[in-house]
Amino acid sequence: MGEKNIKFGITPCPNDTFSYRALMEGLIDSPFDFCFEDIETLNLCADEGKFPVTKLSFPAYMKNADKYRILNAGAALGLGTGPVLVKRGGELKKDSSVIVPGLNTTAALLLKFYARKRFGDSVRLRLIPKYFREIIGTVSSGEAEFGVLIHEGRFVFKDSSLALEEDLGEFWTKETKLPVPLGCICVRRDFEKSAEKVETLIRKSLDYAFLHEEETYPFVARYAQYLAPEVLKKHIYAFVNEYSRDMSGISDSLISNLKLGLK
């Protein structure tokens with residue numbers, strides 16, 4: 001990979017900063033210029049092919065598969081854990097309004113998957129997109145009754161007097177017997193000749209992170225929404241696992257079941 005300053009779009013969430021810290025800080029020689037955006041911004045940027053290498057929600061990758069190739073390294077897959085649907089009170093109805101962290105996110109798709117299983121084809125949820133770090137405050141203040149939380153928010157919502165309506169990740173795994181497909185790393189089609197080299201660098205960065213965990217946590221905390229060490233560690237170990245190194249054995253099954261959820 002001879003190019004330099006290759007734009008690589010990631011999020012500031014702990015699983016990304018943990019995974020790519022070695023590449024970001026030059027601890028491993030890297031051609032990448034990392035750019036932070038929230039996941040829905042990255043999803044929307046994919047419509048224009050903005051980043052040669054980028055993290056995407058799985059639904060956004062599926063929408064842009066003509067522009068991007070999915071990699072087998074770098075994915076964030078939850079082992080029975082993922083986005084959570086929370087509330088101030090009351091019960092979800094088939095026409096409830098729900099705040100989501102973007103209409104192109106896996107969180108929104110998992111909500112639809114759950115709602116269709118619960119209410120059938122008559123479901124008419126109203127999904128309202130909002131920046132993920134504002135969702136807890138929006139629901140706890142009473143501006144909205146329900147919200148879907150991602151990243152560290154899933155571990156701390158009870159501190160804001162919110163209640164769990166459904167663990168959407170756990171529901172997905174019970175129904176499909178698959179890990180929760182949250183985010184994946186993709187390369188733009190005109191850049192896919194470098195796909196294997198990008199995967200190799202990602203795996204080197206992951207290996208470095210796990211070999212130097214304690215020195216990686218302060219770097220992660222710089223960008224995290226919630227700084228409590230136990231929250232950061234819960235988040236990292238929920239979503240950085242063996243599938244982050246290689247998801248080749250399950251990627252086709254994940255995509256097939258997500259397509260069912262999108263119908």
Taking 4.0 angstrom as the limit, do [X] and [Y] come out as a salt bridge?
| X | Y | answer |
| --- | --- | --- |
| Lys7 | Asp33 | yes |
| Glu25 | Arg222 | yes |
| Glu215 | Arg21 | yes |
| Arg188 | Asp190 | yes |
| Glu166 | Lys174 | no |
| Glu145 | Lys87 | no |
| Lys130 | Glu40 | no |

Ser205 side-chain N/O to Leu201 backbone N/O, donor-acceptor pair under 3.5 Å:
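Not a single qualifying donor-acceptor pair exists.
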Within the distance-only criterion (no hydrogens, no angle test), does the side chain of Asp16 pair as donor or acceptor with the backbone N or O of Thr11 below 3.5 angstrom?
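Yes.
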Run the salt bridge (charged side-chain N to carboxylate O under 4.0 Å, His left out) test against Asp38 and tell me which residues pass, sequence neighbours left out.
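Salt bridge (charged side-chain N to carboxylate O under 4.0 Å, His left out) list for Asp38, sorted by chain: empty.
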Sequence neighbours excluded, which residues qualify as salt bridge (charged side-chain N to carboxylate O under 4.0 Å, His left out) partners of Lys204?
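Result, salt bridge (charged side-chain N to carboxylate O under 4.0 Å, His left out) vs Lys204: none returned.
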Are Phe18 and Phe219 an aromatic pair, judged by ring center distance below 6.0 Å?
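That pair fails the under 6.0 Å test.
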Between Tyr68 and Tyr61, does the ring centroid distance fall short of 6.0 Å?
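Judged by ring-centre distance (under 6.0 Å), Tyr68 and Tyr61 do not meet the cut-off.
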